[in-house]
Each structure stands twice: as structure tokens, then as C-alpha cells.
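Single-structure report; data block below.
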Amino acid sequence: MDNIEAIRGTKDILPKKVIYWQYLEKTASEILTKAAYQEIRTPIFEQTPLFERGIGEATDVVGKEMYTFTDRGDRSITLRPEGTAGVVRSYIQNKLFASGGVERLWYSGAMFRYERPQAGRQRQFHQIGLELLGSKAARADVEVIAIATDILKALGLKNLSLQLNSVGSKEDRQTYRQALLDYLTPYKDNLDSDSQDRLSRNPLRILDSKDKKTQEIAQNAPSILDYLGDDSRHHFDKVCTLLSDLSIPYELNPRLVRGLDYYTHTAFEIISGDLGAQATVCGGGRYDGLVSQLGGVETPAVGWAIGMERLILLLEKLQPLSPQTPDIYFVSRGEKAENYALVIAQNLRHSGYKVELDLSGSNFLKQFKRSDRSGAKICLVLGESEVEQGMIQVKNLENSEQKTVSQDKLLEILTQLIN
RNA sequence: GCGAGCGUAGCCAAGUGGUUAAGGCGGUGGUUUGUGGUACCAUUAUUCGUGGGUUCGAGCCCCAUCGUUCGCCCCA
């Protein structure tokens, strides 16, 4: 009989790795909180049309990557492939706009996409994301980008680059799309086959094709930045200026195209030079049309998401984090002593110590070996004789000093030894 | 969904058709039955991801399947 294993593209995050996750979550939530963002938790599954309408039916994410199933009530349900649609749905449903001003929200959690797993890409993966709803100011775009760079900096990451583009308004994109088609169509036969398909479906994507020939052709293609209307142009210029004011370096990348339909104007990615092909660590942008598209009142918004697995790959290369060790390792032998040790351990925990109780029942030698391996500073020893005399032995594992003390004095002695 | 590589113990691995599957780390037991970190000894895979096939004989060759890695696609 074969053992049951985790589903393809999913991973257990074992205790050794969890430390990195906790570190990342703590760092991010502190920075988000400082910027007045509040955490929101939305369901992991939603009605399928939310994503179809929100992300766009023509996108790959919706077209071929969603975990969609019919539930027992015959409803079409989808495991969320990204976080924004759910947050926006919640924003509309709970009338969060009623508070008048802007709404600053962040989330973290599992997302699901049916893709071929590879380094930095799983079927169940995790994102930390942020959404700023209700402001169309360029300052909002920059605030959001600055928070992302702050988080990455606080984590100590290097070799990152912020790629910046504007995909303009819907109208801008229409005119640009036509201009691009006019340019590319004569070269149609020289494009790679994927790009030929995209000519009709999504010509903007051709720009970041990895095919050599296509790249050469795309080299001289018109740039979207030349097709921005006055408002879009002005907005984008301001974003650039403000980023410079904050000394946040960026690279203009007119070929940066985001794969989800809801993006407008500012689009950005933060990519790492230390990952493989899946190098985008953070991606986001403005999505002014999404709230109304999902049935809310016209609300401008910006946001991003960070791929946590990818970040953790980078963190692991930086500094190794070691797991928590107990302050005290508790050795006991003999039934009375064992039972009483449980009581003392509980009291010590209530007093704030991290206590690991040896439950093996094996001889002292083995228990001491384990105490050494546990990484604890102090070893407590309780045996038959100590129980009878109301005493306990306190051993300092760092210098091997050991003394027998009265159980009433234990806390006192421990405060002297620890810290 | 497509292309390529890989899959031997908890981990790192040697082994490329011929009797019993190197070694290291780790684990467990002991030397040391109330005292750790060292040392020494012993032990730790009836079996090479799984299922078929070729062969007198397969971890090694072939096919399928699953998993994994890299690339494409796509995205965080």
C-alpha cells in the first residue's frame, strides 16, 4: 500500500522553515501597521464569477490555472488564485467605502493555481498583499511601492530591482494596441509561434517574449509610454518624481506588462537577480476599474502582492535562522519524581520560562544526553531522593556547575542563572 | 499544456548487467544501570520512487507511471 503524500505542488512547511515564515510575517506586519494598513482575512474560496469578472476571462490565470469545482449545492466555486478580487469583493459587500476616506488593507494567505511546479512556483503558494482603495493620487502609488521596498530592505535582501511602467488608461491602451499591431503585423511570419497567437489575443505580451528573434523585432516597437494620454502621462511622471524624492531607485521598463486584466496606469515588479526564471518577488500596480467592474462605485485603487515562497528562498540564502531552544530541560526519574516534575514544569512555564520536559522515562545518562542536544542553558534534575527531601538539582549546562536547592528557592535561583 | 535532466536509508551519497547493495552525517543500544558535550564498540536499505518488460541474471537496459529539478508558457 502506497503512503499518502502531499498533493503535487504543495509543501509542508516544517518547523525548521517555519522560523523564516514567522520572521517574514512579523517584519511585514510591523511595517504595514506603521503605515496604517489593517489586516483583512477573506475566504479562501469564492464564487467563480468573481475571478472571471475581476481578473479577466481571457487571462491564463482564469483560463487554465484555476482550481474550480462544483459544490454540493451546484454552485461553481474557485480556490482563490490571487488576493485582490476577494478583498475588493469584501470592500464592496461590507461597504468599507462608507468610512469616506481611503481604506488601507493588507492580507496574507494561501493562493492556488494549477501550474507546473518549479523552483519558486507551487500550486498552493502564499502571498502577502496590500490594497489601498479610494485614492487616485500618485502619492498612493508611491506609498504602496515604498512599503514594499521597506519590507524587502528590512529583511536584508539585496540584488533587487524595481521595474516600473505605466499601462495607461483603457483608452490609452486601445490606441497603443493598434499602434503595436500596425508595427508587428508586417513581421508576423518572423515571430515565434506563441507570439503569433498573441497577435490577436494579447499583443502587449509579445513585448516580453523570450524568443530571440521576437525580441529583436520588439526592440524597435513603439513604446506604450509614448501613447499615454495627458492625464496618464502626468500621473506617471509624478510617480517617478516622488519615487526619486524618496530615493527609491527604479528602472523604466516599457515592456513590463501585467497578466491580470484589471491593471491600469502604474505597473511595477520587483525582481531578484538571485532567483531562477521565476524572479518576480513582488508585483502590483493600479487598478482603477476593478471596483466598479465588480459592482461597486467607481473607486481608484493600487496594490501589490509579494510571493512568500520566493522571498523565503532568498532569506534562506542570507542568514540562517535557528529554531527556538528551551531555557530549561527537565530530567526526572521514578514515578513520583516524574509526576511532580510535570507540576514544576507547568509552574515554571507560568513564570515565563520555556521548559522542555523529558518524557522518555529512560535512565539519567540518556536524559542528560538529550538535555545537551536540546540547546537549553539549564538542566533541572528531579529523582527519588530529591522528591523525598523537597530539593531539586539545578545544573548549568554551559559550565557544568550543579547545585542542589530547595524547591521553594528554585525560581530565585533560575532568575539569577537565566539572563 | 510542451521540452530536457534526475529519483539508492531520516540526510549526503558510491555503485553503469554477474555471488552478501561502499562510505559519511544522524539515530539507537552499550562501555558509563544518578549525570551531557569527547572517544571506542555494536546496530541502523531482504532492497535501489512505483508497475511492467528484456535477460540465465537488473539499482544499472527498455516502456509506462508518479514525484522532483530546470527551461517554455504564465505569474507572486
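- Checking B:rG34, B:rU69, B:rU35 against every side-chain atom of A:P117, the shortest atom distance belongs to B:rU69.
- Distance check on atom C1': B:rG71 versus B:rG15 gives 30 Å, rounded to whole Å.
- Between A:I7 and A:E384, the one whose closest nucleotide on RNA chain B sits nearer the 5' end is A:E384.
- Note on A:G283: only backbone sugar-phosphate atoms sit closer than 4.0 angstrom, heavy atoms only; bases stay farther off.
- Remark: B:rA76 base-pairs with no nucleotide in the shown strands. Criterion, Watson-Crick or G-U wobble with two distances under 3.5 Å.
- B:rU43 and B:rA21 have their P atoms separated by 15 Å, given to the nearest Å.
- For A:F330, the ring pair (Phe, Tyr, Trp, His ring centres under 6.0 Å) criterion is met by no residue, not counting sequence neighbours.
- Using a 4.0 Å heavy-atom cutoff across all strands shown, A:V381 reaches at least one base atom of the nucleic acid.
- When the side-chain nitrogen and oxygen atoms of A:Q118 are compared with OP1 and OP2 of B:rG71, one or more of them lie within a distance under 4.0 Å.
- For the OP1/OP2 pair of B:rC74 and a distance below 4.0 Å, the side-chain nitrogens and oxygens of A:R198 include at least one atom meeting the criterion.
- At a cut-off of 3.5 angstrom, the base of B:rU35 holds at least one donor-acceptor pair with the side chain of A:Q393.
- By the side-chain contact (heavy atoms from CB on, under 4.5 Å) test, A:K403 is found to be paired with A:V405, A:I413, residues two or more places apart in sequence or in another chain being considered.
- Annotation: B:rA76 and B:rA64 have their C1' atoms spaced 35 Å apart (nearest Å).
- In this structure, A:Q278 atom CD and B:rC74 atom C1' are separated by 8 Å, rounded to whole Å.
- Among the protein residues, A:K395 comes within range of the nucleic acid bases, having at least one heavy atom under 4.0 Å from a base atom.
- Taking the side chain of A:E386 as heavy atoms from C-beta on, and the options B:rG36, B:rA76, B:rG34, the nearest nucleotide is B:rG34.
- Here B:rC66 presents its P atom at 11 Å from CZ of A:R123, a figure rounded to the nearest Å.
- The partner of B:rG7, taking Watson-Crick or G-U wobble pairs whose two distances both stay under 3.5 Å, is B:rC66.
- For A:K395 and A:F368, the positive end sits near the middle of the six-membered ring, less than 6.0 Å away and at most 45° from its axis.
- A 3.5 Å limit on both hydrogen-bonding distances identifies no Watson-Crick or G-U partner for B:rU38.
- Minimum heavy-atom separation, A:T27 to A:Y23: OG1-O, 2.7 Å.
- Separation of the P atoms belonging to B:rU47 and B:rU8 is 16 Å when rounded to the nearest angstrom.
- When each of A:L397 and A:E309 is assigned the nucleotide of RNA chain B bearing its nearest heavy atom, the one mapping closer to the 5' terminus is A:L397.
- Summarising the geometry, atom OG belonging to A:S161 is positioned 4.0 Å from atom CD belonging to A:E251; distances are rounded to the nearest 0.5 Å.
- Pairing of B:rA22, defined by two Watson-Crick or G-U wobble distances under 3.5 Å, is not identified with any nucleotide.
- Here A:Y114 pairs with A:Y67 under the ring pair (Phe, Tyr, Trp, His ring centres under 6.0 Å) rule; sequence neighbours left out.
- Between the CG atom of A:D211 and the P atom of B:rC73 there is a distance of 9 Å, rounded to whole Å.
- Applying the side-chain contact (heavy atoms from CB on, under 4.5 Å) rule to A:E57 yields the partners A:E52; only residues at least two apart in sequence or on another chain are considered.
- Separating the OH atom of A:Y262 from the C1' atom of B:rA76 is a distance of 10 Å, rounded to the nearest angstrom.
- A:Q215 is linked by a side-chain contact (heavy atoms from CB on, under 4.5 Å) to nothing, counting only residues two or more places apart in sequence or in another chain.
- B:rG71: Watson-Crick or G-U partner is B:rC2, with both key distances under 3.5 Å.
- The distance between atom CH2 of A:W304 and atom P of B:rA76, rounded to the nearest whole Å, is 13 Å.
- Among the nucleotides B:rG36, B:rC73, B:rU69, the one closest to any side-chain atom of A:F368 is B:rG36.
- Within 4.0 Å (heavy atoms only), A:T59 reaches no atom of the nucleic acid at all.
- Using a 4.0 Å heavy-atom cutoff across all strands shown, A:G276 reaches sugar-phosphate atoms only and no base atom.
- Both distances falling under 3.5 Å, in either a Watson-Crick or a G-U wobble arrangement, occur for no nucleotide opposite B:rU46.
- Side-chain polar atoms of A:D261 and A:T59 form no donor-acceptor pair below 3.5 angstrom.
- Atom CG of A:L380 and atom C1' of B:rU35 are 14 Å apart (whole Å).
- For residues 149-193 of chain A, every residue pair satisfying the ring-ring contact (aromatic ring centres under 6.0 Å, His included) rule, not counting sequence neighbours, is listed here: A:Y176-A:Y227, A:Y183-A:Y187.
- A:Q215 places its CD atom 13 Å from the C1' atom of B:rC72, with the value rounded to the nearest Å.
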Practice task
Quick one, give me the B/S/- string for nucleotides 28-33 of chain B, reading 5' to 3', where B means a protein heavy atom under 4.0 Å from the base and S means that only happens at the primed atoms, P, OP1 or OP2.
Solution key: SSS-B-
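- For the segment residues 334-348 of chain A, no residue has any heavy atom less than 4.0 angstrom from an atom of RNA chain B.
- Across the P atoms, B:rG59 and B:rG18 are found 11 Å apart, a figure rounded to whole Å.
- With P as the reference atom, B:rU44 and B:rG24 are 14 Å apart, rounded to whole Å.
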May I have the list of side-chain donor-acceptor pairs in residues 273-296 of chain A shorter than 3.5 Å, sequence neighbours left out?
from, atom 1, to, atom 2, distance (Å)
A:D274, OD1, A:N159, ND2, 2.9
A:T280, OG1, A:E269, OE1, 3.0
A:R286, NE, A:D141, OD1, 3.0
A:R286, NE, A:D141, OD2, 3.2
A:R286, NH1, A:S135, O, 3.1
A:R286, NH1, A:D288, OD1, 2.8
A:R286, NH2, A:S135, O, 3.1
A:R286, NH2, A:A137, O, 3.3
A:R286, NH2, A:D141, OD1, 2.6
A:Y287, OH, A:E131, OE1, 2.5
A:D288, OD1, A:A301, N, 3.2
A:S292, OG, A:G289, O, 3.1
A:Q293, NE2, A:R53, O, 3.0

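- As a whole-Å value, the separation of A:Q367 CD from B:rG37 C1' is 17 Å.
- Residues passing the side-chain contact (heavy atoms from CB on, under 4.5 Å) test with A:E115, sequence neighbours excluded: A:E65, A:R113, A:R121.
- Taking only side-chain atoms of A:D372, from C-beta outward, the nucleotide of B:rC72, B:rG34, B:rG37 with the closest atom is B:rG37.
- For the pair A:L180 and A:P203, the tightest heavy-atom approach, listed with the atom from each and the gap, is CD2-O, 3.6 Å.
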Completion exercise
Going 5' to 3' through nucleotides 2-13 of chain B and flagging B where a protein heavy-atom sits under 4.0 Å of the base, S where only the sugar-phosphate is that close, and - otherwise, we get BBB---------
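- The side-chain hydrogen bond (donor to acceptor under 3.5 Å, both in side chains) check on A:E384 picks up nothing, with sequence neighbours excluded.
- In this structure, A:G63 reaches neither bases nor backbone, as no heavy-atom distance under 4.0 Å exists between it and the strands shown.
- Note: A:F97 and A:Y91 have perpendicular aromatic rings, judged against thresholds of 30 and 60 degrees for the angle between ring planes.
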